[in-house]
2 protein chains.
Amino acid sequence: MTHTRTTRLERGRSALGPALELVHTGRAPTRAVLTSELGVTRATAGAVAAELEALGLIVVDSRPTSSAGSQGRPSHRLFLDENGPVVLAGQIHADGYRVALVGLGGRIVATVSGCGTIPADPAHVLAEAVAAGSGLLERTGRRCLGAALAIPSAVAEPDGEALNPLHLAWPSGAPVRRLFRRALAEAGIPGVTTAVGFTGNDVNLAALAEHRHGAGRGARDLLCIASGHRGVGGALVLDGRLHSGSSGLALEVGHLTVNPEGAPCHCGSRGCLDVEADPLAFLGAAGRTPGPEGSLLRQATDLLREEYQDPSVRAAADLLIDRLGLGIAGLVNILNPDRIILGGLHRELLGADPERLRAVVAERSLWGRSGGVPILPCTLDHNSLVGAAELAWQPVLDDPLVVLEGEDREAGPV
Amino acid sequence: MTHTRTTRLERGRSALGPALELVHTGRAPTRAVLTSELGVTRATAGAVAAELEALGLIVVDSRPTSSAGSQGRPSHRLFLDENGPVVLAGQIHADGYRVALVGLGGRIVATVSGCGTIPADPAHVLAEAVAAGSGLLERTGRRCLGAALAIPSAVAEPDGEALNPLHLAWPSGAPVRRLFRRALAEAGIPGVTTAVGFTGNDVNLAALAEHRHGAGRGARDLLCIASGHRGVGGALVLDGRLHSGSSGLALEVGHLTVNPEGAPCHCGSRGCLDVEADPLAFLGAAGRTPGPEGSLLRQATDLLREEYQDPSVRAAADLLIDRLGLGIAGLVNILNPDRIILGGLHRELLGADPERLRAVVAERSLWGRSGGVPILPCTLDHNSLVGAAELAWQPVLDDPLVVLEGEDREAGPV
DNA sequence: TTGCTTTGTACCGGCAGTAAACAAAATACG
DNA sequence: CGTATTTTGTTTACTGCCGGTACAAAGCAA
């Protein structure tokens with residue numbers, strides 16, 4: 001091939017991507033702070049902002065602003081364009097699927113969800129979800145720049161197979177990414193050309209979303225632990241990037257030993273976090289049997305919130321907090337994050353007795369003893385969905401000029 | 001302050017750093033591959049190489065090369081300048097210290113070591129080591145661009161205190177980095193101005209060295225486990241950069257549980273890797289009592305190598321391999337590295353029965369079951385020392401123009 | 001009103017790096 | 001043996017990002 005590999009695309013206005021990311025994460029409300037955050041001159045920041053505006057991604061409000069008491073000429077404000085392009089984000093969970101159009105800044109523009117039992121055939125669900133998303137796009141008339149999907153199982157890289165999707169009745173190794181991309185192609189969504197459909201683990205994506213727009217903002221190394229239905233998931237964001245390991249299987253934290261005399265786990269060991277600190281374990285520890293109504297998470301959460309006075313419930317909560325703390329302490333010794341956020345049942349456990357959890361972690365971790373890690377609850381609604389959107393937005397954040405590609409195509413093929 | 005924050009220094013020939021790193025790690029033997037590796041034009045690669053040569057870091061050999069059978073005009077060869085500047089690297093270990101001058105490419109130019117019991121006062125040892133290094137510099141007449149130190153304990157960031165330096169009889173929390181810098185300042189080493197003396201954990205630095213020059217070359221996510229004297233150390237290199245956590249305490253892998261019924265550990269738990277898979281544990285498992293002669297590692301290594309036929313030794317090795325494998329499997333589930341390298345006793349254990357270790361890891365890790373991680377022995381001599389040198393070289397690799405700063409100063413102060 | 005401070009813009013210049021043409025040094029093939 | 005081909009290195013414009021500076025704008029303070 002005669003393609004001489006150049007760096008052309010990687011260069012072009014190199015400050016453009018970082019600038020968009022700053023506005024996207026709410027860290028650049030004005031051109032002035034854009035100037036200082038980027039470390040460029042005012043001239044450059046102005047040019048960059050103008051270019052982002054020309055791309056239809058941000059809006060500069062140059063009306064006389066209410067002076068905020070500070071001296072000097074007031075800044076013009078930078079906003080993300082509320083009518084700008086969106087990405088298609090989907091999430092598959094134990095009870096159904098949810099699809100949303102998400103703009104920059106993690107703003108959910110429109111959403112639709114399908115409930116009911118997920119059939120054993122992933123292709124069918126994906127087609128249904130993509131069709132729903134396509135419908136949203138038609139209804140809203142938004143331009144779509146990409147698509148991504150969050151699923152509740154490990155996603156093996158580089159091909160994106162779902163590994164052990166236990167609560168979906170899908171076969172392990174199902175080529176979810178390929179099926180998703182095929183569904184996108186068959187739906188023929190205009191504009192979904194630059195980004196061909198990403199897929200990721202739901203907890204990973206939740207962590208990404210929380211890092212950019214939620215409880216993880218500003219953290220450099222963010223650890224996220226969550227339990228939604230069965231088992232425990234983990235995720236790690238390093239320097240703003242998801243660490244999913246060389247084959248996408250990092251942070252499979254479910255098999256940390258937290259109870260040497262505990263229940264046997266399907267991994268062959270016993271007392272794994274997976275079987276000792278998920279909703280089912282909590283219900284069991286409280287002496288309840290899971291009912292047919294509502295998800296395990298819902299049942300566990302309701303029990304925790306409504307019957308915390310009940311000594312058996314309280315004891316079960318304490319037990320799970322201790323186990324979770326042990327697992328977190330192990331992770332802290334290995335990863336030494338500067339913040340930890342908890343989702344799902346673990347978020348509720350943290351809410352029930354924050355001090356107990358922090359004490360366990362501090363006692364059992366080297367760093368805990370010498371200071372301690374902030375442990376916070378997740379704050380974002382639909383964080384997996386927003387995280388999927390982050391995945392889909394990433395190419396644009398890396399180089400905002402890619403939005404031009406679709407326009408070229410629309411303008412007229414040669 | 002009127003210092004308007006510019007990006008000046010970050011720009012200036014942005015391909016210079018990556019180019020030097022390529023030559024430094026042996027991945028750019030000619031300008032031609034430099035061209036393709038950097039993704040720039042031949043013109044740029046040529047200019048960059050010329051500039052690195054002008055800086056006195058590399059040498060271009062333009063003599064007629066022995067044609068290697070390939071077609072076309074033969075490339076000129078790129079070499080690191082063997083007479084170029086060096087950095088001062090030091091290592092403190094249980095039996096003494098070692099100091100070396102290290103050039104680019106991890107080449108040890110000169111070395112000196114001091115044996116004997118390390119006194120309880122860190123400042124004294126550091127002064128002695130720095131004096132030895134200063135002597136080396138005077139003897140060789142080399143220009144020195146920086147200094148760094150490897151110590152066998154966790155190094156707390158951002159200030160560089162030694163945490164729990166168990167085998168050094170130093171107080172925990174000793175401000176090693178500050179003491180090291182003070183020793184450097186008092187020794188008045190000319191040139192050590194740009195880099196003010198780094199400090200790091202020895203296993204971390206060994207991993208860094210192996211990643212750049214040894215068994216870890218080419219790995220993206222490299223996990224290193226090693227046991228030298230007491231306890232077990234770990235390190236992780238991500239995308240070519242050491243991951244030492246937000247406060248420098250990452251990869252404290254010693255407290256992974258690998259034997260629920262095991263010996264109590266000072267961390268409060270029992271059966272930790274620290275007490276179940278270090279040289280002392282091996283000697284104990286083989287029914288030997290450590291003697292006064294030689295380090296624990298040496299005794300364990302000798303036993304393993306010379307008496308492997310002895311059933312009790314063999315059984316002890318198998319036991320430690322199983323425990324180590326369990327620990328590694330846990331780490332693989334969490335970090336999903338694409339390569340693992342083992343040092344110290346663990347390197348010997350791997351050599352004794354590679355298949356057993358790989359089988360345990362494969363059986364107990366999610367990723368292991370679906371493919372497996374390469375597990376290799378460390379290959380570099382004095383890898384901690386070379387790793388310390390990497391730390392000291394880093395500013396130059398980031399921006400080779402910093403070597404001019406010292407020259408300016410030497411040329412003549414205003 | 002006159003400063004002072006901060007923000008935004010216009011214009012110039014430096015310079016890294018592309019592109020293209022040319023030169024050099026080897027092999028391949030008649 | 002000589003010419004074509006291939007690969008590498010170099011020279012010469014030329015493009016475009018961005019720094020620097022000067023100037024204008026828009027608010028406070030006195």
Side-chain angles (χ1 to χ4, degrees), chain A residues 1-19 28-54 58-78 399-401, chain B residues 1-20 28-54 58 60-78 399-401:
Chain A
M1 76 171 106
T2 54
H3 166 65
T4 60
R5 176 168 157 204
T6 70
T7 334
R8 170 72 67 86
L9 267 180
E10 300 172 27
R11 296 186 53 251
R13 199 62 89 170
S14 72
L16 216 54
T30 69
R31 268 181 286 215
V33 314
L34 194 62
T35 300
S36 62
E37 288 293 315
L38 287 176
V40 297
T41 57
R42 288 201 300 275
T44 307
V48 164
E51 192 155 352
L52 289 177
E53 190 172 26
I58 73 171
V59 172
V60 180
D61 180 3
S62 41
R63 290 172 310 181
T65 64
S66 58
S67 54
S70 65
Q71 237 184 96
R73 173 178 175 174
S75 291
H76 299 170
R77 302 225 127 169
L78 303 182
D399 177 12
L401 292 178
Chain B
M1 77 171 111
T2 54
H3 166 64
T4 60
R5 176 167 155 204
T6 70
T7 333
R8 169 73 66 85
L9 267 179
E10 299 173 29
R11 294 187 54 252
R13 200 63 90 169
S14 72
L16 215 55
L20 181 58
T30 69
R31 267 180 288 213
V33 317
L34 195 62
T35 300
S36 62
E37 288 293 314
L38 287 177
V40 297
T41 58
R42 288 200 299 276
T44 310
V48 164
E51 193 157 353
L52 288 177
E53 189 171 26
I58 74 170
V60 181
D61 180 3
S62 41
R63 290 173 311 180
T65 66
S66 59
S67 55
S70 65
Q71 232 183 103
R73 172 178 175 175
S75 292
H76 299 168
R77 304 222 124 170
L78 303 182
D399 177 12
L401 293 177

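Atom set for the values below is all heavy atoms of this structure, side chains included, hydrogens, waters and symmetry mates excluded. We name chains A, B, ... by the order of the sequence lines, and we start the count at 1 in each one. Since the model is a prediction, treat every value here as computed from it, not as a measurement.
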Shortest non-hydrogen contact from [X] toward [Y]:
{"X": "B:R31", "Y": "B:A45", "value": "O-CB, 4.1 Å"}
{"X": "A:T35", "Y": "A:T41", "value": "CG2-C, 3.8 Å"}
{"X": "B:L20", "Y": "B:P400", "value": "CD2-CG, 3.9 Å"}
{"X": "B:I58", "Y": "B:A49", "value": "CD1-O, 3.8 Å"}
{"X": "A:A28", "Y": "A:V33", "value": "CA-CG2, 3.4 Å"}
{"X": "A:V48", "Y": "A:A19", "value": "CG1-CB, 3.4 Å"}

Distance, rounded to the nearest Å, where [X] contributes [atom1] and [N] contributes [atom2]:
{"X": "B:L16", "N": "C:dC15", "atom1": "CG", "atom2": "P", "answer": "15 Å"}
{"X": "B:H76", "N": "D:dT7", "atom1": "NE2", "atom2": "P", "answer": "17 Å"}
{"X": "A:R31", "N": "D:dA25", "atom1": "CZ", "atom2": "P", "answer": "15 Å"}
{"X": "A:R77", "N": "C:dT6", "atom1": "CZ", "atom2": "P", "answer": "18 Å"}
{"X": "A:D61", "N": "C:dT7", "atom1": "CG", "atom2": "C1'", "answer": "15 Å"}
{"X": "A:E37", "N": "C:dT7", "atom1": "CD", "atom2": "P", "answer": "13 Å"}
{"X": "A:L78", "N": "C:dT7", "atom1": "CG", "atom2": "P", "answer": "12 Å"}

Does B:A32 reach a base, just sugar-phosphate, or nothing at all? Heavy atoms under 4.0 Å.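 The residue B:A32 makes sugar-phosphate contact but no base contact.
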Tell me what B:A43 touches on the nucleic acid: a base, only sugar-phosphate, or nothing, going by heavy atoms under 4.0 Å.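 Base, at least one base heavy atom under 4.0 Å.
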Okay, side chain of A:E53, backbone of A:V60: is any donor-acceptor separation there less than 3.5 Å?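 Flag set: sc A:E53 to bb A:V60 pair under 3.5 Å.
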For nucleotides 22-24 of chain C, which of its nitrogen or oxygen atoms have a protein nitrogen or oxygen under 3.5 Å away, and what is each distance?
unit_1	atom_1	unit_2	atom_2	d
C:dA24	N3	B:R73	NH1	3.3

Counting only side-chain nitrogens and oxygens, does B:S14 get under 4.0 Å of the OP1 or OP2 atom of C:dG17?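 Affirmative; the distance criterion is met.
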Establish, with yes or no, whether the OP1 or OP2 oxygen of D:dC18 is under 4.0 angstrom from a side-chain nitrogen or oxygen of A:T44.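 Answer is no, no contact under 4.0 Å.
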Any B:L38 side-chain heavy atom under 4.5 Å of B:T44 side chain: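 When only atoms from C-beta onward are counted, B:T44 and B:L38 do not touch, as no gap falls below 4.5 Å.
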Can you list, in residue-number order, the parts of residues 46-54 of chain A that come under 4.0 Å of DNA chain C, counting heavy atoms only?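 Hits under 4.0 Å, by residue number: none.
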Return the nearest nucleotide to the side chain of A:Q71; candidates are C:dT18, C:dT5, D:dT10.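 Among C:dT18, C:dT5, D:dT10, the one nearest the side chain of A:Q71 is C:dT5.
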Out of C:dG17, D:dG20, D:dT8, which has the shortest distance to the side chain of B:A15?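 Within the option list, the nearest is C:dG17.
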